[in-house]
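Note that the numbering runs from 1 along the sequence shown for the chain.
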Amino acid sequence: MKKILLIGLLTFLPFLSFSQNKIGILAGVNGSTLSDGILESFGIHSNSFSLHFGAVYELDFTEKIAFRPKLIYSQQGDREDFYDNIKYQTSYINIPLNFKFFNKPYILAGPQIGFLLETEKREFDFGDLKSLDYGLNLGIGIDIKDFFVELNLYQGFNELIAVKYEQTNPFRDIDIKATNTVVQLSFGYNFEL
């Protein structure tokens, strides 16, 4: 945990030293699941909601382009069933390395890396998840004075776990290669530096 926080802090320090931009805090809700491939088998159920919170920094390149990295603690995984049996609730430290385009509203896009902190396995144990997650983060947002609201979609590319279900009919075996899929609604506040 200490190593992960140190990596996150070292990511932000170079940007803080030479810029007069914004730093902010954020919190919100997640809808998350372990999906089978890119955006497949994704569904947000009433029990799949969880929380996230963290910090954001914004470094302006031009009037319409900025680098907007974040450091976020995020509860993820399935709060409901994925193929009826994989029920892993996870916690991550995520570092989205987004670029912000335009101003009101704005578009976010960039890679994200995540470090698994904790896994709670319920009912069946299909093995351990990989501790490193990476993928693509896309989003939209709007600034309202010093406040902001963002809607982000994250799709992991790293296969976290593979599970094979053998059916009685040999042509109906199911191979699941689970990746993280997360929709986040964030509310935040920016401080001018």
Beyond-backbone contact of Asn152 with Val183, side-chain heavy atoms, under 4.5 angstrom
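No - every pair of side-chain heavy atoms lies 4.5 Å or more apart.
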Would you call Leu160 and Tyr88 a side-chain contact if the rule is heavy atoms closer than 4.5 Å?
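In short, these two side chains do not touch, never coming nearer than 4.5 Å.
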With side chain to side chain contact (heavy atoms under 4.5 Å, CB included) as the criterion, how do Leu185 and Val149 come out once you've worked through the C-alpha distance, each side chain's angles and the decisive distance to 0.1 Å?
CA-CA 7 Å; Leu185 178 62; Val149 178; 4.1 Å; yes
Does this structure show an ion pair linking Asp60 with Arg68, if we count only N-O contacts that are shorter than 4.0 Å?
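Salt bridge between Asp60 and Arg68, a charged N being under 4.0 Å from a carboxylate O: no.
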Using the rule given for side chain to side chain contact (heavy atoms under 4.5 Å, CB included), can you reason through Gln184 versus Leu151, listing the C-alpha separation, both sets of side-chain angles and the distance that settles it, and then say yes or no?
CA-CA 6 Å; Gln184 290 183 328; Leu151 180 64; over 6 Å; no
For [X] versus [Y], what's the shortest heavy-atom pair and its separation?
X      : Y      : value
Ser91  : Tyr73  : OG-OH, 3.1 Å
Thr179 : Gly156 : CB-O, 3.5 Å
Pro96  : Asn137 : CB-ND2, 3.9 Å
Leu97  : Pro69  : CD2-CB, 4.0 Å

Residues two or more places apart in sequence or in another chain: which of them pass side-chain hydrogen bond (donor to acceptor under 3.5 Å, both in side chains) with [X]?
X      : answer
Asn190 : none
Lys121 : Asp125, Asp128
Asn158 : none

Rounded to the nearest 0.5 Å, what's the gap from [atom1] on [X] to [atom2] on [Y]? Could you check?
X      : Y      : atom1 : atom2 : result
Leu51  : Gln76  : CG    : CD    : 12.0 Å
Asn30  : Phe49  : CG    : CZ    : 9.5 Å
Asn98  : Leu138 : CG    : CG    : 8.5 Å
Ser74  : Phe53  : OG    : CZ    : 10.0 Å
Tyr92  : Ile72  : OH    : CD1   : 14.5 Å
Tyr189 : Ile23  : OH    : CD1   : 13.0 Å

Under 3.5 Å, which donor-acceptor pairs do the side chains of residues 101-120 form with other protein atoms, sequence neighbours left out?
{"unit_1": "Asn103", "atom_1": "ND2", "unit_2": "Glu63", "atom_2": "O", "d": "3.0"}
{"unit_1": "Tyr106", "atom_1": "OH", "unit_2": "Glu150", "atom_2": "OE2", "d": "2.8"}

Taking only residues two or more places apart in sequence or in another chain, which ones pass ring-ring contact (aromatic ring centres under 6.0 Å, His included) with Phe61?
none
Determine yes or no for a side-chain-to-main-chain donor-acceptor pair under 3.5 angstrom, with Thr62 supplying the side chain and Lys64 the backbone.
yes
Has the side chain of Ser50 got a donor or acceptor atom that lies under 3.5 Å from a matching backbone atom of Gln75?
yes
Contacts table for residues 129-136: side-chain donor-acceptor under 3.5 angstrom, sequence neighbours left out:
{"unit_1": "Lys130", "atom_1": "NZ", "unit_2": "Glu159", "atom_2": "O", "d": "3.2"}
{"unit_1": "Asp133", "atom_1": "OD1", "unit_2": "Tyr154", "atom_2": "OH", "d": "3.4"}
{"unit_1": "Asp133", "atom_1": "OD2", "unit_2": "Tyr154", "atom_2": "OH", "d": "3.0"}
{"unit_1": "Asp133", "atom_1": "OD2", "unit_2": "Asn180", "atom_2": "ND2", "d": "3.0"}

